[in-house]
Amino acid sequence: MAAYHVVLVHFPIALWLSSALLIFLRVISDGPLGQAADRALPLFLVLGVVFGAVTYLVGLNVWAWEAISSSPMGRNHMLTASWSLAYFTLLAITRLMQGDALWHGFPRLVMLVLSGVGVVLVGVTGTLGGHLIGVYTEVGQVLRLLGWEIYTTYYVPNLTVGLLIGLGLVMAGLGLMAGRKASA
Amino acid sequence: MNKYILPVASALFLGGLLVSWVTHGTGVVVNDPARNISIPETLTVPLQVQAAYNDETMFFRYRWPADRPGIFHDVLVYQDGAWQVRGNAVPGSNPDGLHEDRVAMMLDDGSVPEFGRYGGYITIGAGLAGLTDEAPEEVTKYLPATRNRLGAWDDMAPEDVQARLREAGYFLDLWHWRGGRSNPTGYSDDQNIGIERAGDGGQSSYGTNWDKESSQPNVMFNPEVTGFAALRWDDIMAGRVTQDQAYALTPEVSAPFDADRAWQNGDVIPRRTLRQPDGSRADITAPGKGRWADGYWDVTLARALDTGAPQDDKILRDLGMYDVGFAIHRNATGGRWHYVSLPQRLGLGREADITAAHFSGPQPQWGDAWTDVTLFYPGQVTWPLLNSKAHAGAERIAEGVPVRFRHTPEQLTNYGIEVEFTDQIRRQWLLTILAGVVLIAGFGVALNRTVSATKGA
């Protein structure tokens, strides 16, 4: 399955990076270019998520679970792939639900930052995938300089796990609160 | 109030990512002596190697960094009327800083083809002493085909098969220089690895300085030769005992133990007596004796190209190609707490990773041309594990792909450590994926509900 995974993975990478470019164009332009970018964006995001999900599932079958969950690079690749998929799924849902409202006020800046973080995540995922098949880049060296030895598994201690889950719940609570106030 | 919710959620989201980045990799990898786990602070060490040969003798020169010279192995310390043993092997470094430094070299002539591809990994069978799941009896390094099944340390191949394997050259030659137990005599230990790690035929350079019946040492330093009967604990701890004085119980400086002597608390006598080795075990000498200076060991070893013992040693020949793997012990470590190399090619007069130059005369003229080899802490990676479903590269091993094609020492040392905590790290990794997804989803709810509220306003 490794070869199919490698073939498939080009699609979500291209679609997600293109989506980030479209978001950037829409953020910096309210003119025809920005409007055109925004019209194309939902298709790119949705296709990216579909191809991303298929690629993810195929990737799960490249190695046995015992192997991928025992290999530091395998774990790291799967972690960043999971987060990339979740991340661009969020962007796709948000764009489909909110439409043009995203490009006014603070959300406009949020979309720019989110797409930037997404590009980094996808880039790291691809870099780690390259290492897994023996194709190395210097991106790994950059991550080392920033504090992550990529030959070690990225995991956080229980306290941080609790904090991240707590923050997620708090943010969801804040969102629900905003919705209630608006409908009140 | 609504206008503050999205900025606050954004700050929480980015803050969560930052905390994740700052705290990642902590909380799991900790030393646990009860499970034989002790991770060295430094994971890789540089080793420099030179090799040369004349018509009869092979020479190797090794140089590696060590903060202090490990010239003592275990010792006997006099305390309140009794002699106590200090310097025993423990997981990691001995707390007293006692346990000899060593350099070891496994050597093969191609009779063990897996060695050339995977080096010392093939000798790490299941159950080895020092592993977290060590066998109930002491099991040392062994080669895979000496067992009937992979992973069965006690399922030995039949004796006649073992004998035929040995005749076919299925063993590794092991040059094993010891800073405390061989160097003071001007020798290196000469061992081999087949069904176990064992000494070559003959007598080793060391024995045990202990009389069980009287619970006292057999010998002490000869005061008439050295000026003292024992060393002092404080001097050893302070590093005041050096290679420039008598520090080991070689025959020249030893005398029968005098129980009636007025022994003082803190007197120290080495627990090992040294002697002239003989037979095949005395094949490897340390000309000039290994010396430590300015933070580095410099050790030269020499052995006849043809020792005449082809079932103990790998016979070397002009223009021959061989496989070697190196290891060092430093910082008072023993057992598996060493640094090892990936396999290297050795060529006698032929281009290789390490090219031994032919010379005329009794001694090589070493120049400044060294081969740099990166040694690494290997963790607990066993040969059965590497060939199991838990190793993604097991199929590549079956295909004969060499370890160096896919892995570097820097990679392997980190992998080796993670193997010591596989279950804990796997659990924490899954929790981390989950926490990240919850963080992303939570922010998604905040973003969408806030923007929706804005639209409805």
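Sequence lines set the chain letters: A, B, ... in the order given, protein chains first and strands last, and positions in each chain run from 1. Nothing here was measured: the structure is a model prediction, and the numbers come from that model.
- Between chain B and the options G162(A), G147(A), A64(A), the largest number of non-hydrogen pairs under 4.5 Å is found for G147(A).
- Contacts between V161(A) and chain B at a heavy-atom distance below 4.5 Å involve backbone atoms as well as side-chain atoms.
- Only the side chain of W63(A) comes within less than 4.5 Å of a heavy atom of chain B; its backbone N, CA, C and O stay farther away.
- For L430(B), the part lying under 4.5 angstrom from a heavy atom of chain A is the side chain only.
- Between the CD atom of Q428(B) and the OG1 atom of T153(A) there is a distance of 11.0 Å, given to the nearest 0.5 Å.
- Other residues, nucleotides and ligands contribute more than 12 heavy atoms inside 6.0 Å of the CG atom of L43(A).
- At a 4.5 Å heavy-atom cutoff, the contact between L163(A) and chain B is made by side-chain atoms alone.
- Looking at R396(B), neither its backbone nor its side chain comes within 4.5 Å of chain A, counting heavy atoms on both sides.
- Residue T432(B) comes nearest to V156(A) through the heavy atom pair OG1-N, 2.9 Å, listed as atom of the first residue, atom of the second, then distance.
- The contact between W148(A) and chain B is made by backbone and side chain atoms together, counting heavy-atom distances below 4.5 Å.
- Partner of Y155(A) under the side chain to side chain contact (heavy atoms under 4.5 Å, CB included) criterion, chosen from T26(B), L431(B), I425(B): I425(B).
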*asked:* side chain to side chain contact (heavy atoms under 4.5 Å, CB included) for E418(B) and R75(A)? Distances and angles first, verdict last.
replied: CA-CA 12 Å; E418(B) 295 219 354; R75(A) 291 180 188 133; 2.8 Å; yes
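- The neighbour count for E395(B) CD, taken as heavy atoms of other residues, nucleotides or ligands under 6.0 Å away, does not exceed 12.
- With a 4.5 angstrom heavy-atom cutoff, V117(A) touches chain B only via side-chain atoms.
- Neither the backbone nor the side chain of H104(A) comes within less than 4.5 Å of any heavy atom in chain B.
- For A390(B), the parts lying under 4.5 angstrom from a heavy atom of chain A are both the backbone and the side chain.
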*Show the numbers, then the answer: is there a side-chain hydrogen bond (donor to acceptor under 3.5 Å, both in side chains) between N448(B) and T94(A)?*
CA-CA 6 Å; N448(B) 280 283; T94(A) 302; 3.0 Å; yes
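- Across V419(B), D423(B), T422(B), a single residue satisfies side chain to side chain contact (heavy atoms under 4.5 Å, CB included) together with S70(A), and that is T422(B).
- For Y4(A), the OH atom sits in a loose shell: 12 or fewer heavy atoms of surrounding residues, nucleotides or ligands are nearer than 6.0 Å.
- By number of non-hydrogen pairs under 4.5 angstrom with chain B, the leading residue of G173(A), G134(A), S69(A) is S69(A).
- The part of L447(B) that comes within reach of chain A is its side chain, from C-beta onward, which places non-hydrogen atoms under 4.5 angstrom from that chain.
- Interface residue Q411(B): backbone and side-chain heavy atoms are both found under 4.5 Å from chain A.
- Both the backbone and the side chain of S20(B) have a heavy atom closer than 4.5 Å to some heavy atom of chain A.
- You'll find the side chain of Y154(A) stays beyond 4.5 Å of the side chain of W429(B), heavy atoms only.
- Although no hydrogens or angles enter the test, the distance criterion places a donor-acceptor pair under 3.5 Å between the side chain of W21(B) and the main chain of L146(A).
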*Please assess F443(B) against L114(A) for the test side chain to side chain contact (heavy atoms under 4.5 Å, CB included), listing each intermediate value before the final yes or no.*
CA-CA 11 Å; F443(B) 183 70; L114(A) 286 182; 3.7 Å; yes
